[in-house]
Amino acid sequence: MAQSLSPREEQNASTDVRSLEEENRRLKERLNSYSIIFERSLDAIVILNKNGEFVDVNEAACKLFEMDKFSLIGHSFSSFLELVPPDILLFQRSMLQKFGSFSDELLIKLPDGKVKHVEFSMKKDVFDEFDLVMMRDISAHKALERERIIHEFLFRDVFNRAVDGIVIFDEFGRFIDVNPAFSMSLNLEKGKLLNLSFQQFVARECANEFARLLAEVKEKGTAKGELSLVRPDGTVKMFELTATSNVYSGFYMAIMRDVTERKNMEIKLQKSEERFRAIFEQAHEAILIWDDFGYILNANPAASRTFELPLNLLVRRNLFDFVDYGDEKVKRIFSEFRRKGEIRDELTFHMPNGEDKQLEFTMKKGAIDGYHLTIFRNVSERRKIERELRESEQKFRSIFDHAMDGILLWDAKHRIIDANPVVCGIFSVEKEALLGRMVVELVPERARRQLNKLLQQCQRTGEASGEVEFFDEGKGRIIEFSLKKEVIPGVGMMMLRDVTERKEMELQLRKSDTLNVVGELAAGIAHEIRNPMTALKGFIQLLQGSIDGDYSMYFNVIMSELKRIESIITEFLVLAKPQAVQYKQNDICKIMQDTIDLISAQAMMHNVQIIADFERGLPPVYCEPNQLKQVFINILKNAIEVMPKGGDITVRITRAGCYVRISITDQGCGIPKDKIKKLGEPFYTTKERGTGLGLMVSYKIIEEHQGKIEVESEVGVGTTFHITLPIERMEREDDDDD
C-alpha cells in the first residue's frame, strides 16, 4: 500500500504542479506567436535535414513550390535544382560549409515544368543539425530587368562610339566589358582585356587610391579621382575617373569614365538560440508588432532599415505617424483591416528623413499576444524600375518623333512597323498608309532595284548606306539611305534624308568653279588672240584696197569671220573682267522697253511679235542698265532664233515681295529636262553655230546683281526664262574689294 503524503507535502506538490502548468502555458503562447510569424512571413521558409530533405515549410514556401505542405515534407530540395550547373551547386555548398551561411540566386524547376528565379539566404545548423533556408521569388523583378536591358540595346552605340574610355568592372576590379576607346588607351584588344582586372594595370603609387575609390563607390555609390594605369609596353597613362554604381545591372561603371556594378550586399543571418527569433531577426522584410492605438511595441532590424530609424526610437513611434491617416485610401485599408482581421495592400509611407517609400504589407489582427503583426516589403525600387522603363520608352519616342532625319523601323520580312513624321513628309504619305507595307515600296518601281541592293547588303553585313535617285511627280529626287539590320532583335532601322537640294547646290558650286576657271583662261586667250587679230585686220584692209575683181568676195568673207572671232573674244573678256559698272536706281520696265525697241526690227524679220505686259507702279531697281540690256538681248535673240516659223514672245514684269520678276516666254521647240541643268555652262549650246557664252555671260551678270535665272520648258510647247532681281541691292564684303 502506498505511503500517504502529509498535508504539508501535498501542499508543496500542489504548488509545484501549478507552477509547471503556468510555465507550460507561457511556453505554448510563445511558441504559438512565433508559429504565426513563421506561417505569415512573405518569404518562403524551409527547414532542411542533412540529406537536403524538407523537414518543415511555411505557407509562402508551399506557394513558391506550388505544392501542399505534406507533399513537400520529405521531398529532396535538389530535385528542384536540375537547371543549376553542378559546379555552381558545389561552390555554394563549399561556401556554406566554410562560412556557415550563404546568400545567392537560383533557378528552380517545378514538377509541372515551370521555372522560377529565386533569391535565397541559407544558414547551417540553426536548429541542432537542421539548416534554415529563406527564399523569395524574384522572377517578376528579373523579367522587368530583361525588359530594361532590351531598351538599353537601342543606346548601345553610345557605348561603342564614346570618345572617353568606358569600363564595366566587378567589385573585385575585374573587367566585365570595355569600349573601343579604352582598348585603344591601353593598346590592348578587348578580348585580352576581359581576362584581366584593374589591379593588373594600376600603378604602385595609385594602389591605395584605387582601393579608396573602390571602397568609396561601394559605400556612397559614387567616387571621383585620378588614376595611373601602366600599359603593357611600360608607358603610364593618367585617367580622370568618375565611378558610379549602376542600379540596373549591379556592376560598376568608370568613365575614363565607366559604370560600376552595384555590389550585391550579402546579408548574414545572425545566430539565434531560438528558431523563430532567428526568423524574426533575419527576415528581409520589415516586421512590426503594434497595439490597437498604432503604437509600435517591437520591430526587427529590417524595419529599422526600412523606416530609417534606430530600433530604440522606432519602438516609441506610432505606425500612423508614417502615413496620411486623413487619406481616403488609408482610412479604407484600416477600416477593412478592423472588419476582416487581416489585409494585404500597398501604401506610401513617409520616412523621418523626408523620403517616401512604397511599401507592400500584410497585416494580421491579434497575431501575437493580442497585438497586431505587420510584415512590410519595400517595392520602391521595383516601382522606380517600372517608371524608368516608361520614361526610357518616352525618351526614345520623343527622339524618334522629333529627329531631323527620317527614321523607319522594319521587321524581319522588311515590312514597315513604324515611321517618324519626317519619313511621312519625305514621301508625302500618312503614317497609317506606310505601316505594313514593304520597304521597297517607298520608292517608284524604277528605283526599287537600287534599294533592294542596299537591303541585301544590310542582310549580309548588318548595315548599309547609299543614295537612291528617282523621279517623283516629274521632279528628280535623291534620297540618302542608312540601314542597320538589328537595333533590337527582329527590328531593323533605316534613316533617310532628302539630299536633292544639297546635290543641286554642289552642282551649282561646280558650275561656279568652272566659270572661274573659264574666266581666267578667257583673259589669257583673248589677250593672245587680239594681238595677231589686229595685224590680220590691218593687212587685209590694205590688200582689199589694192586688189580688185573677183577676189573682193573673199575679202568680205574673211572680214565677216574676223568680226565673228572678235565678238567671241569680247564675250570672253566679259567673263574674265566684267565691264566697269555703276549701280543706281533704274526703271526696269524702261530698260526692258528700250531692249524690245532695239530688237523689234530683227523680230519682225522672223515674223515674231513681242508682247509686253508690265505691272503698274513697280519700284525702281538698283542695277546697271547696260548689263541688264545685254541679258535681255541674249534671251530675246535666243527666243527669236528658236521660232524660225514665227510666233509670239511674251514679256511679263511683276513684283514678288522684295523682288522684281521678269518672265520671257517663247513658243519654240522647248528644251528637254535633262538639258535644262546644263544651261549657262561654258560652250554648251543647242544652236548649230552658237558658243554657249551668251547665256553664260547672262547668268554671270544676274548673279552679280544678286538675282537668279530659272528655266521652265516643255518640249513642243515652249520655254520660259524667269529672271528674279532684288529691288534693293545688299552690300557684300567682296563689293568693297572691287
Side-chain angles (χ1 to χ4, degrees), residues 33-50 52-67 69 72-73 75-81 84 88-89 92-93 95-97 99-108 110 116-142 264-289 299-306 344 359-362 364 367 373-379 381-382:
S33 298
Y34 288 114
S35 295
I36 292 174
I37 296 175
F38 177 78
E39 291 298 335
R40 295 294 179 180
S41 174
L42 297 176
D43 278 342
I45 303 175
V46 176
I47 306 299
L48 300 176
N49 61 19
K50 290 304 178 182
E53 298 170 340
F54 293 99
V55 175
D56 197 3
V57 297
N58 68 346
E59 183 180 347
C62 295
K63 291 180 180 179
L64 176 65
F65 290 95
E66 299 183 8
M67 296 174 65
K69 187 171 185 176
L72 275 176
I73 293 175
H75 210 89
S76 174
F77 183 45
S78 61
S79 65
F80 297 98
L81 305 179
V84 183
I88 298 295
L89 288 174
Q92 291 175 346
R93 291 191 184 112
M95 294 296 289
L96 183 64
Q97 291 294 330
F99 297 104
S101 62
F102 186 68
S103 298
D104 207 342
E105 296 178 2
L106 280 176
L107 286 175
I108 61 172
L110 304 185
K116 292 186 178 181
H117 203 127
V118 299
E119 182 181 63
F120 75 92
S121 293
M122 189 169 185
K123 188 169 181 63
K124 186 171 179 277
D125 298 333
V126 175
F127 317 107
D128 296 331
E129 295 185 352
F130 295 103
D131 299 336
L132 172 67
V133 184
M134 297 183 69
M135 288 178 281
R136 180 188 302 168
D137 187 352
I138 59 172
S139 302
H141 174 77
K142 290 296 181 181
N264 293 322
M265 301 295 295
E266 293 185 2
I267 303 173
K268 296 183 178 180
L269 297 173
Q270 298 179 355
K271 291 183 178 181
S272 174
E273 58 190 26
E274 299 176 0
R275 180 177 70 174
F276 299 109
R277 171 55 59 183
I279 294 172
F280 181 79
E281 295 292 339
Q282 297 300 325
H284 292 285
E285 281 77 19
I287 303 175
L288 295 182
I289 300 172
N300 68 343
S304 174
R305 294 191 295 271
T306 299
R344 186 187 186 106
L359 301 182
E360 184 182 63
F361 57 85
T362 297
K364 178 70 176 175
L373 173 72
T374 305
I375 302 175
F376 298 88
R377 174 179 292 172
N378 189 352
V379 293
E381 184 176 349
R382 188 176 72 197

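- Looking at Asp104, its side chain never comes within 3.5 Å of a backbone N or O of Met122 through a donor-acceptor pair.
- Within a 6.0 Å radius of NZ in Lys69, more than 12 heavy atoms belonging to other residues, nucleotides or ligands are found.
- Of the inter-residue distances, the one linking Arg93 atom CZ with Ile88 atom CD1 reads 12.0 Å to the nearest 0.5 angstrom.
- For the pair Ile73/Val55, no side-chain contact is recorded, criterion being any heavy-atom separation below 4.5 Å from C-beta on.
- Between Phe102 and Phe120, the angle of the ring planes lies from 30° to 60°, which puts this pair in the tilted group.
- With hydrogens and angles ignored, the 3.5 Å screen pairs no side-chain donor or acceptor of Asp56 with any backbone N or O of Ile47.
- Rounding to the nearest 0.5 Å gives a distance of 9.5 Å between CD of Glu53 and CG of Leu48.
- Across all non-hydrogen atoms, the minimal contact from Ala61 to Ala44 is CA-CB, 3.4 Å.
- When atom types are taken as modelled, the side chain of Ser139 and the backbone of His117 share a donor-acceptor pair closer than 3.5 angstrom.
- A perpendicular orientation is assigned to the rings of Phe77 and Phe65, their planes being inclined by more than 60° (bins at 30° and 60°).
- The side-chain hydrogen bond (donor to acceptor under 3.5 Å, both in side chains) search around Asp131 returns none, not counting sequence neighbours.
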(request) Please step through side-chain contact (heavy atoms from CB on, under 4.5 Å) for the pair Glu119 and Met134, ending with a clear verdict. (result) CA-CA 8 Å; Glu119 182 181 63; Met134 297 183 69; over 6 Å; no
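- Side-chain contact between Leu106 and Gln92 is present, with at least one heavy-atom pair separated by less than 4.5 Å.
- Below 30°, between 30° and 60°, or above 60°: for Phe80 and Phe54 the angle between ring planes is above 60°, a perpendicular geometry.
- When every heavy atom of Leu288 is checked against every heavy atom of Ala299, the shortest pair comes out as CD2-CB, 3.4 Å.
- If you take CG on Asn378 and OG1 on Thr306, they are separated by 6.0 Å, rounding to the nearest 0.5 Å.
- Partner Arg136 forms a side-chain hydrogen bond (donor to acceptor under 3.5 Å, both in side chains) with one of His141, Glu105, Glu285 and no other, that one being Glu285.
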(message) Assess the residue pair Val133 and Ile45 against the criterion (side-chain contact (heavy atoms from CB on, under 4.5 Å)); give the C-alpha distance rounded to whole Å, side-chain angles, the decisive distance to 0.1 Å, and a yes or no.
(response) CA-CA 6 Å; Val133 184; Ile45 303 175; over 6 Å; no
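- With Lys116 contributing its side chain and Leu64 its backbone, the two residues share a donor-acceptor pair below 3.5 Å.
- Separation of atoms CG (Asn58) and SG (Cys62) is listed at 7.0 Å; rounding is to 0.5 Å.
- The minimum heavy-atom distance between Ala286 and Ala303, with the atom names listed, is CB-CA, 3.3 Å.
- The two residues Ala60 and Asp43 have their closest heavy-atom pair at CB-O, 3.2 Å.
- The distance from the CD1 atom of Ile287 to the CD1 atom of Ile289 is 8.0 Å, given to the nearest 0.5 Å.
- Closest non-hydrogen pair, Thr362 versus Leu42, comes out as OG1-CD2, 3.3 Å.
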